[in-house]
Amino acid sequence: MVDWVIRAFEADPQQPHRAVIVTGPFMPPTEQQEFHDRCEALEKLEILAFDSYIELLMEKAIGIVAMGGYNTFCEILTLDKPALIIPRSVPRQEQLIRAERAVKLGLASMLDPAGERDPLDMAAALRALPQQAKPSARKIPELLSGHEKIADMVRDYLEPAGQESIRA
């Protein structure tokens, strides 16, 4: 995914927005260095191996490009950011299933990671990202109410029948 984004900026140097790439601390150092070297030559790309306040970085972004793991997808919804998901499908398909469902619900856009990976396709998707509707525009009832539902289920399970508790 990182390579695809960098190639998009290399193929389309007139990209209108800056991008910050976070590789993550587990990417092999030689691969990180290669990406770092390529980004050095591109004015609108910044690359970091890690950011301990990634949520703040995401909050400031006009859009997010991600693989779409569970935690990242929850951050995208919570921060209400337009998102382009490039899901991993190996060794498991959970990211792909989540991304396909998000696209059907209008919560994100997606590029197929198994496709051709044309840098101009990525460049077009990056250009379109800021105009994409935020997830909140879909107005899906109770989209982010999982914590409350789980708390209610646990409370109902733990409270003896017929006994009411004080609820805050």
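- In this structure a side-chain-to-backbone donor-acceptor pair under 3.5 Å is missing from Arg38 to Glu10.
- Hydrophobic cluster membership of Leu120, counting Ile, Leu, Val, Met, Phe, Trp and Tyr whose side-chain heavy atoms lie under 4.5 Å apart directly or via other members: none, as it forms a cluster of its own.
- Arg98 is not listed as a side-chain neighbour of Pro87, based on a closest heavy-atom distance of 4.5 Å or more.
- Atoms CD1 and CE, on Ile6 and Met122 in that order, are 11.0 Å from each other to the nearest 0.5 Å.
- In the hydrophobic clustering of this structure, Leu111 groups with Leu126; members are Ile, Leu, Val, Met, Phe, Trp, Tyr whose side-chain heavy atoms approach within less than 4.5 Å, directly or through other members.
- Note on Ile140 and Phe73: same hydrophobic cluster, where clusters join Ile, Leu, Val, Met, Phe, Trp and Tyr whose side-chain heavy atoms are under 4.5 Å apart, directly or indirectly.
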Residues Val65, Ile86; criterion side chain to side chain contact (heavy atoms under 4.5 Å, CB included); working and verdict: CA-CA 7 Å; Val65 179; Ile86 297 108; 3.4 Å; yes
For Lys104 and Glu100, run salt bridge (charged side-chain N to carboxylate O under 4.0 Å, His left out): C-alpha distance rounded to whole Å, both residues' side-chain angles, the deciding distance at 0.1 Å, then the answer. CA-CA 6 Å; Lys104 283 183 184 176; Glu100 288 172 340; over 6 Å; no
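- At a threshold of 4.5 Å between non-hydrogen side-chain atoms, the residues Ile62 and His17 count as touching.
- When hydrophobic clusters are built by joining Ile, Leu, Val, Met, Phe, Trp and Tyr residues whose side-chain heavy atoms come closer than 4.5 Å, directly or via intermediates, Met1 is grouped together with Leu42.
- The minimum heavy-atom distance linking Asp51 with Val22 is given by the pair N-CG1, 4.4 Å.
- For the residue pair Ala11 and Pro119, the shortest heavy atom distance occurs at CB-CB, 3.9 Å.
- Atom CD of Glu31 and atom NE2 of His36 lie 15.0 Å apart (nearest 0.5 Å).
- Arg88 places no side-chain N or O within 3.5 Å of a backbone atom of Gln95 that could act as its donor or acceptor partner.
- Note that CD of Gln132 is 7.5 Å distant from CG of Leu84, once rounded to the nearest 0.5 Å.
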Applying side-chain hydrogen bond (donor to acceptor under 3.5 Å, both in side chains) to Glu75 and Asn71, what does each step give before you reach the verdict? CA-CA 6 Å; Glu75 290 291 341; Asn71 290 335; over 6 Å; no
Pair Leu57-Leu48, side chain to side chain contact (heavy atoms under 4.5 Å, CB included): steps then yes or no: CA-CA 11 Å; Leu57 198 59; Leu48 308 169; 4.3 Å; yes
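- Residue Glu148 places its CD atom among more than 12 non-hydrogen atoms of other residues, nucleotides or ligands, all under 6.0 Å distant.
- Of the possible polar contacts, none joining the Glu59 side chain to the Leu79 backbone as a donor-acceptor pair under 3.5 Å is found.
- Checked by atom type and distance alone, the side chain of Gln32 pairs as donor or acceptor with a backbone atom of Gly24 at under 3.5 Å.
- Applying the side-chain hydrogen bond (donor to acceptor under 3.5 Å, both in side chains) test to Gln93 and every residue at least two apart in sequence or in another chain returns nothing.
- Taking 4.0 Å as the cut-off between side-chain N and carboxylate O, Asp152 and Lys149 do not count as a salt-bridged pair.
- Atom-to-atom distance recorded for Arg117:CZ and Trp4:CH2 is 5.5 Å, nearest 0.5 angstrom.
- When the shell of 6.0 Å around CD of Glu43 is examined, it contains 12 or fewer heavy atoms from other residues, nucleotides or ligands.
- Residues Leu77 and Leu96 fall into different hydrophobic clusters, defined by Ile, Leu, Val, Met, Phe, Trp and Tyr side chains chained together at heavy-atom separations under 4.5 Å.
- The residues Arg127 and Asp12 are annotated as salt-bridged, a charged nitrogen and a carboxylate oxygen being separated by less than 4.0 angstrom.
- Of the possible donor and acceptor atoms, none in the side chain of Asp80 sits under 3.5 Å from a partner among the backbone N and O of Lys134.
- By the criterion of side-chain heavy atoms lying less than 4.5 angstrom apart, applied directly or through intervening Ile, Leu, Val, Met, Phe, Trp or Tyr residues, Met27 is grouped together with Met67 in one hydrophobic cluster.
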Start with the C-alpha distance between Leu107 and Leu143, add both sets of side-chain angles, then the distance that settles side chain to side chain contact (heavy atoms under 4.5 Å, CB included), and finish with yes or no. CA-CA 11 Å; Leu107 298 171; Leu143 178 64; 4.1 Å; yes
